[in-house]
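Predicted, not measured: the structure shown is a model, and the values here were computed from it. First the proteins, then the strands, lettered A, B, ... as listed; each starts at 1. Values below: every heavy atom of this structure, side chains too, minus hydrogens, waters and symmetry copies.
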Amino acid sequence: MRSRQKLGTNKPVFYGARDNAVPSENSHLYAKKSFRMSVITRFAPSPTGHLHIGGARTAIFSWLLARHFKGQFRFRIEDTDLLRSKQEYTDSILASMKWLGLTWDGELTYQTKRMGLYNKYVDKLLETGHAYWCGCTEEEVNAMRERAKVRGLKPRYDGHCRNLNLGPGEGRCVRLKCPLEGKVVFDDMVKGRISVDVRELDDMVIRRSDGTPTYNMAVVVDDHDMGITHVIRGDDHVSNTPRQILIYQALGFPVPTFGHVPMILGPDGAKLSKRHGARAVIEYQKDGLLPQALVNYLVRLGWSHGDQEIFSLDELIELFDGTHMNPSAARFDVRKLEWLNAHYMRNLPVEELARLTRPFAEEAGYRDLPEPKLQALCAMFRDRAKTLIQLAANFAPMLKKAADLEYDEKAVAKNLTPQTKEYLSALISVFGDVSDFRSEPINDALKAYVDGHGLKFKDVAPALRTALVGFMGGSHLPDIMEFLGKEESLDRLKRAITLTIA
RNA sequence: GUCCCCAUCGUCUAGUCGGCCCAGGACACCGGCCUUUCACGCCGUCAACGGCGGUUCAAAUCCGCCUGGGGACGCCA
């Protein structure tokens, strides 16, 4: 439920919407109008790990918003944390984005390659009096915070150097000179109106004493420089937003529209962590999930369009306009993801399914599978698997030789009785006479035998199944036989007849 | 501690500015049908508006408080 409040009577001193426009009472409409002008979104991960599903979802939302409004979707790597950033993670994130089908516009931007840009703007803030040099040491600042805490206040910098007019110097950083009173208000695309008193904020550092810009500074400069109009990011950034808006104001930049999507929780409602298993997109890829299923699932987790559950990419682009996003955190439910995945597996053209399954078949040890065989296997088992891995796992009994087939003891004991073995012996010659060994003729022959002997399928099917695949599973019997071929099928029947129960 | 955000079935959610909601859909679960296994498919059952006040003829929908979650308070990003 969106908590969109009406305009209050107290006029906010700082307003965070674009172009300083006053929003209409209906912020949906207001937002829509501004979307129409131009939409440039971005995804800006830091390469300190693989792309995780939370990040993937914000990327998907950003991408969809841009595509829906025929705008642009930009990509920026926030690699300023030199210690934790790794090229392999950048590569991995890019690979996951491509796998998900999220194409971006323009060049990839690396933050580390544009350090000069940030300082230019810090200097500008210094010149215009929106920022000042601060010579306080870490210890002094910590002491201030402690004092504030003791008084029950929010720990913050007390503005010691604010009016000292210090110049540059060893160990000095630059702080933003924040307004002393008023509220920062902005209309969030998913949370509605958010208001924060500037007294909750302090004069944040925008340039460290080593000359590098801080995160909030860099983000604002980058987003403005890249022309970003809509910032969709994780929930954990809401408290950064007022600070960033202050920087936008000080710089005289138009403030973009923000949309803070809530985080994704584990099945137990706790923050997603290692012990929840797969968190990275790449892991789902390895588990045999289809990108379309993951995208569909992730989008649906936090966004809705009435009762619709299944969306094609085109539908999503058509329907996703930045509204109807859920402000509350959601739990990750693998079962529903798998249901969606199974759905997409069933509806893919076989050729496509086979192409996607091949790597998993190879992983399972089946290399050089002829395309027709692979497709036949996919067609036979697609309804019985929720993931590509599971699908490939079904191939085993189909690709062995009769002599190597493993039999389930219970199935043998229950179904291969002296009586049914007689049926099987008879069937060996029945099937042996089928010249066109395809599913249909095989089925006809089986039916003729069953009918001709006053039997029912139920009388012979379990035995036949056990004989052919070794256990009570698998696909349609005639299909299995067609796949195995006459010789192999008969070999299996012959071997089954010789089986005795221990 | 302070501030910000959140709160409908077990889970994801619908619920367009209060009435058509003794709350709808989907996943899961359970039961049934179909059936040459298992699935798929189809049908059905179970199941929720966190609590308390207020506004109103009428509240899941508006307001307040409480409770419970989460996030943020760095010269990290």
Side-chain angles (χ1 to χ4, degrees), chain A residues 1-4 25-26 28 44-46 48 78-81 83-85 111 134 136 138 141-142 145 148-157 171-175 188 191-192 194-197 199-202 204-210 212 214-216 218-219 234-242 260 262-263 265 267 269 271 297 300-310 323-324 326-333 335-340 342 346 381-385 411 415 443 446-447 450 456-462 464-466 469 471-478:
Chain A
M1 199 107 26
R2 267 129 307 255
S3 51
R4 295 217 145 86
E25 296 256 319
N26 184 329
H28 278 283
S46 62
T48 54
E78 307 214 322
D79 54 353
T80 52
D81 185 337
L83 287 177
R84 294 191 300 148
S85 296
Q111 255 181 349
C134 170
C136 293
E138 198 182 325
V141 176
N142 285 341
R145 297 212 167 88
K149 239 176 183 172
V150 170
R151 290 167 55 201
L153 297 172
K154 197 162 193 165
R156 54 198 286 274
Y157 176 70
R172 286 182 184 171
C173 64
V174 176
R175 287 179 184 276
D188 192 276
K191 307 256 185 198
I194 293 175
S195 167
V196 175
D197 196 303
R199 279 169 292 218
E200 294 301 325
L201 280 15
D202 60 2
M204 74 190 117
V205 173
I206 52 177
R207 172 154 70 199
R208 303 187 187 93
S209 46
D210 67 2
T212 59
T214 54
Y215 168 75
N216 283 317
V219 167
D235 218 344
D236 48 337
H237 283 290
V238 297
S239 55
N240 276 326
T241 306
H260 290 96
M263 51 191 239
L265 272 20
K271 194 172 178 176
Y297 178 74
R300 194 60 190 64
L301 202 63
W303 174 82
S304 60
H305 183 257
D307 286 337
Q308 192 170 342
E309 295 286 353
I310 293 170
T323 64
H324 294 279
N326 203 124
S328 57
R331 300 187 190 200
F332 193 86
D333 182 11
R335 290 177 303 188
K336 188 156 184 178
L337 205 210
E338 288 185 336
W339 168 73
L340 271 168
R346 282 194 297 275
F381 295 105
R382 65 184 342 182
D383 285 350
R384 280 155 263 258
N415 304 318
N443 197 43
L446 177 59
K447 190 172 184 339
V450 168
K456 291 187 173 174
F457 275 112
K458 279 179 186 168
D459 298 323
V460 299
L464 188 53
R465 180 170 299 280
T466 305
V469 294
F471 67 104
M472 292 306 281
S475 188
H476 185 57
L477 254 13

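- Within 4.0 Å of A:T48, counting heavy atoms only, lies no atom of the nucleic acid at all.
- Separating the NE2 atom of A:H324 from the C1' atom of B:C12 is a distance of 17 Å, rounded to the nearest angstrom.
- For A:K191 against B:C5, no side-chain N or O and base N or O form a donor-acceptor pair under 3.5 Å.
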*If the sugar-phosphate is the primed atoms plus P, OP1 and OP2 and the base is the rest, what is the B/S/- string for nucleotides 65-77 of chain B, using protein heavy atoms under 4.0 Å?*
-----SSSBSBSB
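- A straight line from NE2 of A:H260 to P of B:C5 spans 12 Å, rounded to a whole angstrom.
- Side-chain contact, A:D210 with A:T212: a donor N or O sits under 3.5 Å from an acceptor N or O.
- Rounded to a whole Å, the CG atom of A:D307 is 16 Å from the P atom of B:A23.
- The separation between A:N326 atom CG and B:A60 atom C1' is 15 Å, rounded to whole Å.
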*Using a 4.0 Å cut-off on protein heavy atoms (strictly under), produce a 5'-to-3' string for nucleotides 30-51 of chain B with B for base contact, S for backbone-only sugar-phosphate contact, and - for none.*
------BBBBSS----------
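- When rounded to the nearest whole Å, the span between CG of A:L201 and C1' of B:C3 equals 10 Å.
- Nucleotide B:C21: unpaired (no Watson-Crick or G-U wobble partner with both distances less than 3.5 Å).
- A straight line from CG of A:L337 to C1' of B:C27 spans 11 Å, rounded to a whole angstrom.
- Taking a pair to require two hydrogen-bonding distances under 3.5 Å in either a Watson-Crick or a G-U wobble arrangement, B:G1 pairs with B:C73.
- The partner of B:A7, taking Watson-Crick or G-U wobble pairs whose two distances both stay under 3.5 Å, is B:U67.
- A donor-acceptor contact shorter than 3.5 Å is absent between the side chain of A:D79 and the backbone of A:S85.
- Residues that satisfy the salt bridge (Lys or Arg N to Asp or Glu O under 4.0 Å) test with A:R335, not counting sequence neighbours, are A:D333.
- Pair check for B:G31 finds B:C43; Watson-Crick or G-U wobble, both atom distances under 3.5 Å.
- With distances taken from any side-chain atom of A:P327 to the nucleotides B:A7, B:C3, B:G25, the minimum falls on B:A7.
- We find that NZ of A:K336 is positioned 10 Å from P of B:A26, with the value rounded to whole Å.
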